[in-house]
Amino acid sequence: MSDATVRVLVTGGSGLLGRAVMKVFKEKNWNVLGTAFSRVSQGLVKCDLTDSSSVEVLIDKEKPDFIIHAAAERAPDAVENRYEETRKLNVAASGHLAAIAKRCGSKLIYISTDYVFDGTSPPYRETDACNPLNKYGQTKLDGEKAILKEDPSACILRVPILYGPVEKVDESAVTCLLPLLQSNVSKKVSHYEKRYPVHVRDVALVLRDLVSAISKDKEINGIFQWSGKEQLTKYDMIVAMARVLSLPHDHITPDPNPAPGAPRPHDAQMDSSRLESLGISHHTAFDVGIKECLSPWLV
């Protein structure tokens with residue numbers, strides 16, 4: 001198929017990653033439609049992904065070549081308190097979406113997480129054993145399994161902690177650190193969990209290139225991973241923000257203990273060589289990306 005004829009449906013189109021995916025895909029002049037549920041804005045259609053009949057009607061109507069399934073409950077602490085509700089979206093709805101996609105001939109690409117790993121033996125390849133430490137990671141792993149059970153030709157893209165242009169600073173677990181930096185109130189920030197933050201535009205570009213590769217080779221399927229290049233704890237991120245935004249950070253001290261709340265992996269670094277073997281690679285340096293994203297929020 002030519003670029004002009006690619007039809008894409010993006011679930012979670014109102015979210016941090018979904019917005020970036022839609023923007024990048026539209027730059028290719030692809031026919032892109034996004035879904036949302038609680039934040040429906042221009043260019044998006046309202047769809048409750050847990051309502052199987054509504055999903056089926058939408059996909060039958062739109063007949064997308066590709067479905068980028070980015071919608072999910074992604075806050076680990078929230079999932080701990082709403083586990084069964086989360087499973088309806090992250091697991092059951094994902095499996096049903098895969099079944100519909102297969103029937104309609106749509107290629108499904110599911111966004112998963114590095115939290116499927118326990119963080120004890122990095123770097124992790126796609127084939128390494130998964131052992132989620134929290135319920136969020138478990139629902140995403142179960143979502144992967146549900147999708148591949150329904151459609152073995154589907155693709156999974158695991159990504160780490162994300163940041164990008166936010167509609168509010170607490171939209172990302174990275175950008176939410178800015179108010180701590182700006183407050184001048186003494187605060188401890190985790191210096192334990194090693195993370196590999198990725199700009200959402202980089203993930204969107206990876207997805208764009210993956211879609212293009214699949215368009216040329218229908219046999220591309222299975223699990224892929226993409227990770228940032230810099231290893232940073234949340235304290236390291238604070239220091240980087242302070243440096244590029246010229247803000248003091250003396251009131252922030254590193255906490256060597258695991259962060260409170262749902263357990264997080266110590267180091268879930270993912271190997272990205274399978275994508276790189278396809279010639280797919282996009283990386284924005286954290287200093288550059290975080291300055292771009294947070295400069296509009298300086299007060």
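In this text the structure is predicted, and so the values were computed from the model without any measurement. This chain uses plain numbering: 1 for the first residue, then up along the sequence. Heavy atoms only: backbone and side chains are in, while hydrogens, waters and symmetry mates are out.
The hydrophobic cluster containing I220 does not contain L108, counting ILVMFWY residues as joined when their side-chain heavy atoms lie under 4.5 angstrom apart, directly or transitively. Connection of V21 to I111 is established within a shared hydrophobic cluster, with ILVMFWY side chains joined at heavy-atom distances below 4.5 Å, either directly or through further cluster members. Both V174 and W226 are assigned to one and the same hydrophobic cluster, defined by single-linkage of ILVMFWY side chains at heavy-atom distances under 4.5 Å. Under the 4.5 Å side-chain heavy-atom criterion for ILVMFWY residues, no single connected hydrophobic cluster contains both L97 and I109.
For the residue pair T11 and T35, the shortest heavy atom distance occurs at CA-OG1, 3.2 Å. The heavy-atom pair separating A154 from L148 by the smallest distance is O-CD2, 3.9 Å. Residues S14 and A36 approach most closely at OG-CB, 3.7 Å, considering heavy atoms. The two residues V198 and G228 have their closest heavy-atom pair at CG2-N, 3.1 Å. Annotation for P165 and V200: closest pair CD-CG2, 4.1 Å, computed over non-hydrogen atoms. The heavy-atom pair separating H96 from S52 by the smallest distance is CE1-CB, 3.1 Å.
Between F224 and C155, some side-chain heavy-atom pair lies under the 4.5 Å cut-off. In this structure, the side chains of K194 and Q269 stay at 4.5 Å or more apart for every pair of heavy atoms.
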Evaluation steps, side-chain contact (heavy atoms from CB on, under 4.5 Å), between Y136 and T113: CA-CA 9 Å; Y136 165 66; T113 174; 3.7 Å; yes

Verdict with supporting geometry, R103 and D60, side-chain contact (heavy atoms from CB on, under 4.5 Å): CA-CA 10 Å; R103 177 177 63 79; D60 281 339; 3.2 Å; yes

Steps toward side-chain contact (heavy atoms from CB on, under 4.5 Å) verdict (C176, Y163): CA-CA 10 Å; C176 71; Y163 72 99; over 6 Å; no

CA sep, side-chain torsions, deciding dist, call: W297, Q182, side-chain contact (heavy atoms from CB on, under 4.5 Å): CA-CA 10 Å; W297 295 92; Q182 293 177 308; 5.7 Å; no

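With rounding to the nearest 0.5 angstrom, the CD1 atom of I59 is 6.0 Å from the CG atom of L9. Considering CG of D209 and CD1 of I214, their distance stands at 11.0 Å, rounded to 0.5 Å. Taking CG from L89 and CZ from R82, the interatomic distance works out to 10.5 Å, rounded to the nearest 0.5 Å. Considering CG of L141 and CG of N90, their distance stands at 11.5 Å, rounded to 0.5 Å. The CG atom of L162 sits 15.0 Å away from the CZ atom of R201 when rounded to the nearest 0.5 Å. In this structure, F25 CZ and F66 CZ are separated by 8.5 Å, a value rounded to the nearest 0.5 Å.
For the residue pair H266 / T120, no side-chain donor-acceptor distance below 3.5 Å is found, with atom types taken as modelled. Judged purely by distance below 3.5 Å, without hydrogens or angles, the side chains of S273 and E276 never pair a donor atom with an acceptor atom. In this model, no donor atom of one side chain and acceptor atom of the other lie less than 3.5 Å apart for Q138 and N134. Between the side chains of D151 and Y110, not a single donor N or O lies within less than 3.5 Å of an accepting N or O. Checking T284 against D202 by side-chain atom types alone, a donor-acceptor pair falls below 3.5 Å. Using modelled atom types, one finds a donor on one side chain and an acceptor on the other under 3.5 Å when comparing Y196 with Q231. For the residue pair Q225 and S272, no side-chain donor N or O sits within less than 3.5 Å of a side-chain acceptor on the partner.
Salt-bridge check for R7 with E62: passed, with a basic side-chain N closer than 4.0 Å to an acidic carboxylate O. A salt bridge between R195 and E230 is absent, with no side-chain N of the basic residue lying under 4.0 Å from a carboxylate O of the acidic one. A salt bridge does not link D65 with K107: every distance from a Lys NZ or Arg NE/NH1/NH2 to an Asp or Glu carboxylate oxygen is 4.0 Å or more. Here E84 does not pair with K88 in a salt bridge; the nearest charged N to carboxylate O distance is not below 4.0 Å. With respect to the salt-bridge test (charged N to carboxylate O, under 4.0 angstrom), the residues R19 and E167 qualify.
Side chain of S212 to backbone of R208: a donor-acceptor contact under 3.5 angstrom is found.
Within a 6.0 Å sphere centred on NZ of K188, other residues, nucleotides and ligands contribute 12 heavy atoms or fewer.
Between Y192 and Y235, the ring centre distance reaches or exceeds 6.0 Å.
At least one test fails for K140 against the ring of Y115: distance under 6.0 Å to the centre or angle within 45° of the axis.
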